[in-house]
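What follows is a short report on a single structure.
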Amino acid sequence: MSMQTPLVSVVAPVFNEEDGIAEFYERTTNAMETITPPVRHELVFVNDGSVDGSLDVLRKIASTDRRARVVDLSRNFGHQLAITSGIDNATGDAVVVIDADLQDPPEVIADMVQKWRDGFKVVYGVRTQRAGENRFKLWTAKTFYRVLNRLSDTPLPVDSGDFRLMDRKVVDALCELREENRYIRGMVSWIGFSQTALEYARDPRYAGETKYTMRKMVKFAVDGITSFSEKPLRVSIQMGLITCFISLFLALVIVAGKVLEPTSALPGYASLMVVVLFFGGVQLLSIGLLGEYVGRIYRESKRRPLYFVAERLNFSSDEGDANEVGGDSDDDRDGDGR
Ligand code: UDP
Ligand code: MG
């Protein structure tokens, strides 16, 4: 950590946020400049393949403020990978990840920095309230975090998003985890170091609407579960064992019945159908589940770069080299001395 004024990076993923970024930039810059004792800051905007005017707005901001850097990805890679590229490109002594839609109030960063100065290596935001989100989202989110926590071997903070501050040590550790199915909030928790929660009220979006479609949400949930738990795989073993015992028991009952009363006929078309269909379903589900894990192994085994950068703005070392995987930044770590 630099001696006097630490550098704090603020990483913000941007996907079609043209109406909100200017306001985000103003509020965040203001919030960072009023932190006491003062910190230096840089903003790392990641343009995650926006198809609206977001990149133009970012260019304009970057042209007037050297502290605003832009990583322009070659296409839409999704929230988690956008965050990853931003973290890879951040040079600060601490890195804050925040959504660009102003749902996470930038003013809260001051409190995070304070806790970091108190010695914590990770300060993660916990939402006490979520304004402006529909009941379905609230309910699914709540249920998901609780189910995941049940399943996971790593304790994962409940009701915590990706709004968090991480010390350089944690960031370096995180940069070493190059898995493709990323559930970053879980990965940070898995890394360890001293972590603490900071409660805050989540605001409604400043502009636009959520970029998390139902499909993205489901993928995200499955990523979270499969990368932090192997328990679903064990469920089929348990179900298999239980049904084996039940069928053994039923077989004995039937044999005993035949022995005691040889002329009896056992009725049961309906019950037979139900049992056959039920286990057909269970088997397909288990195979599908297995497929989820196998598919992930397959994707990981290709070891592809996580993302590609089309262009980088306001990075002193290079200007606009493609096929840049980011990560092992040998470029200036201690800021560009602005
Ligand atoms: N985002 C992104 N890529 C995506 C989807 C979202 O970079 O594919 C960004 C988005 O611009 C926002 C943040 O990730 O800054 C959180 O997304 P959003 O607000 O849509 O999610 P929600 O808050 O509704 O869960
Ligand atoms: Mg949002």
Side-chain angles (χ1 to χ4, degrees), residues 9-28 43-58 61 68-90 95-106 108-109 124-145 148 158-164 180-185 200-221 223-224 306-310 326:
S9 308
V10 179
V11 169
V14 173
F15 179 52
N16 296 347
E17 305 280 5
E18 62 179 351
D19 297 326
I21 323 172
E23 174 74 12
F24 171 84
Y25 167 73
E26 294 292 333
R27 252 179 83 182
T28 307
L43 300 173
V44 182
F45 288 103
V46 179
N47 179 39
D48 186 18
S50 299
V51 290
D52 65 353
S54 296
L55 186 59
D56 297 329
V57 181
L58 290 177
I61 294 173
R69 301 158 185 238
V70 179
V71 177
D72 181 31
L73 298 183
S74 60
R75 63 170 171 85
N76 177 254
F77 281 91
H79 186 212
Q80 299 291 298
L81 287 176
I83 292 178
T84 303
S85 69
I87 294 173
D88 288 342
N89 282 283
V95 176
V96 177
V97 175
I98 186 170
D99 284 355
D101 59 2
L102 287 173
Q103 279 198 283
D104 307 324
V108 174
I109 297 176
Y124 56 89
V126 171
R127 313 144 173 167
T128 51
Q129 282 170 37
R130 302 178 74 164
E133 294 197 90
N134 63 37
R135 283 166 77 178
F136 177 71
K137 174 117 185 187
L138 292 182
W139 183 82
T140 46
K142 195 174 157 191
T143 316
F144 167 68
Y145 288 120
L148 180 58
V158 171
D159 295 330
S160 158
D162 285 310
F163 185 26
R164 54 162 51 72
E180 205 171 310
N181 304 297
R182 301 175 84 76
Y183 185 70
I184 294 177
R185 48 197 83 165
Y200 73 102
R202 200 149 204 247
D203 292 333
R205 253 180 174 275
Y206 175 76
E209 31 192 77
T210 177
K211 305 300 178 306
Y212 259 92
T213 54
M214 194 61 201
R215 258 185 67 193
K216 279 185 179 169
M217 253 161 73
V218 170
K219 180 186 180 298
F220 183 58
D223 274 349
L306 297 180
Y307 55 84
F308 288 105
V309 174

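Every number for a ligand or one of its atoms is a count from 1 in the order of the listing. Hydrogens, waters and symmetry mates play no part in the numbers below; they use all other heavy atoms, side chains included.
Considering Lys211, Gln103, Gln80 only, the shortest heavy-atom separation from atom 20 (O) of ligand 1 involves Lys211. Taking each of Asp48, Asp162, Thr210 in turn, the one with a heavy atom nearest to atom 24 (O) of ligand 1 proves to be Thr210.
Under a 4.0 Å heavy-atom criterion, Lys216 is in contact with ligand 1. The closest approach between Lys137 and ligand 1 falls below 4.0 Å for a heavy atom of the residue.
Under the 30°/60° scheme for interplanar angles, the aromatic rings of Tyr25 and Phe45 are found to be tilted. Classified by interplanar angle (parallel below 30°, tilted 30° to 60°, perpendicular above 60°), the ring pair Phe220/Phe144 is tilted.
A distance of 6.0 Å or more separates the ring centres of Phe15 and His79.
Proximity of Asn16 to ligand 1, defined as any heavy-atom pair under 4.0 Å, is not found for any part of the residue. At a 4.0 Å heavy-atom cut-off, ligand 1 touches His79 through backbone and side chain alike.
Partners of Tyr145 according to the ring pair (Phe, Tyr, Trp, His ring centres under 6.0 Å) rule, which considers only residues two or more places apart in sequence or in another chain, do not exist here.
In terms of modelled atom types and a separation under 3.5 Å, the side chain of Asp159 and the main chain of Val126 share no donor-acceptor contact.
Taking 4.5 Å as the limit, some side-chain heavy atom of Glu17 sits within range of a side-chain heavy atom of Arg205.
The number of heavy atoms from other shown groups lying within 6.0 Å of NZ (Lys142) does not exceed 12.
Note that Arg27 lies outside the cation-pi zone of Phe24, set by a 6.0 Å cut-off to the ring centre and a 45° limit from the axis.
By the criterion of a separation under 2.8 Å, the protein N/O/S atoms near the Mg ion (ligand 2) amount to Asp101 OD2, Gln103 OE1.
In terms of protein heavy-atom proximity, atom 9 (C) of ligand 1 is nearest to Pro13 O, 3.8 Å.
Going from atom CG of Leu102 over to atom CD1 of Ile21 covers 10.5 Å, rounded to the nearest 0.5 Å.
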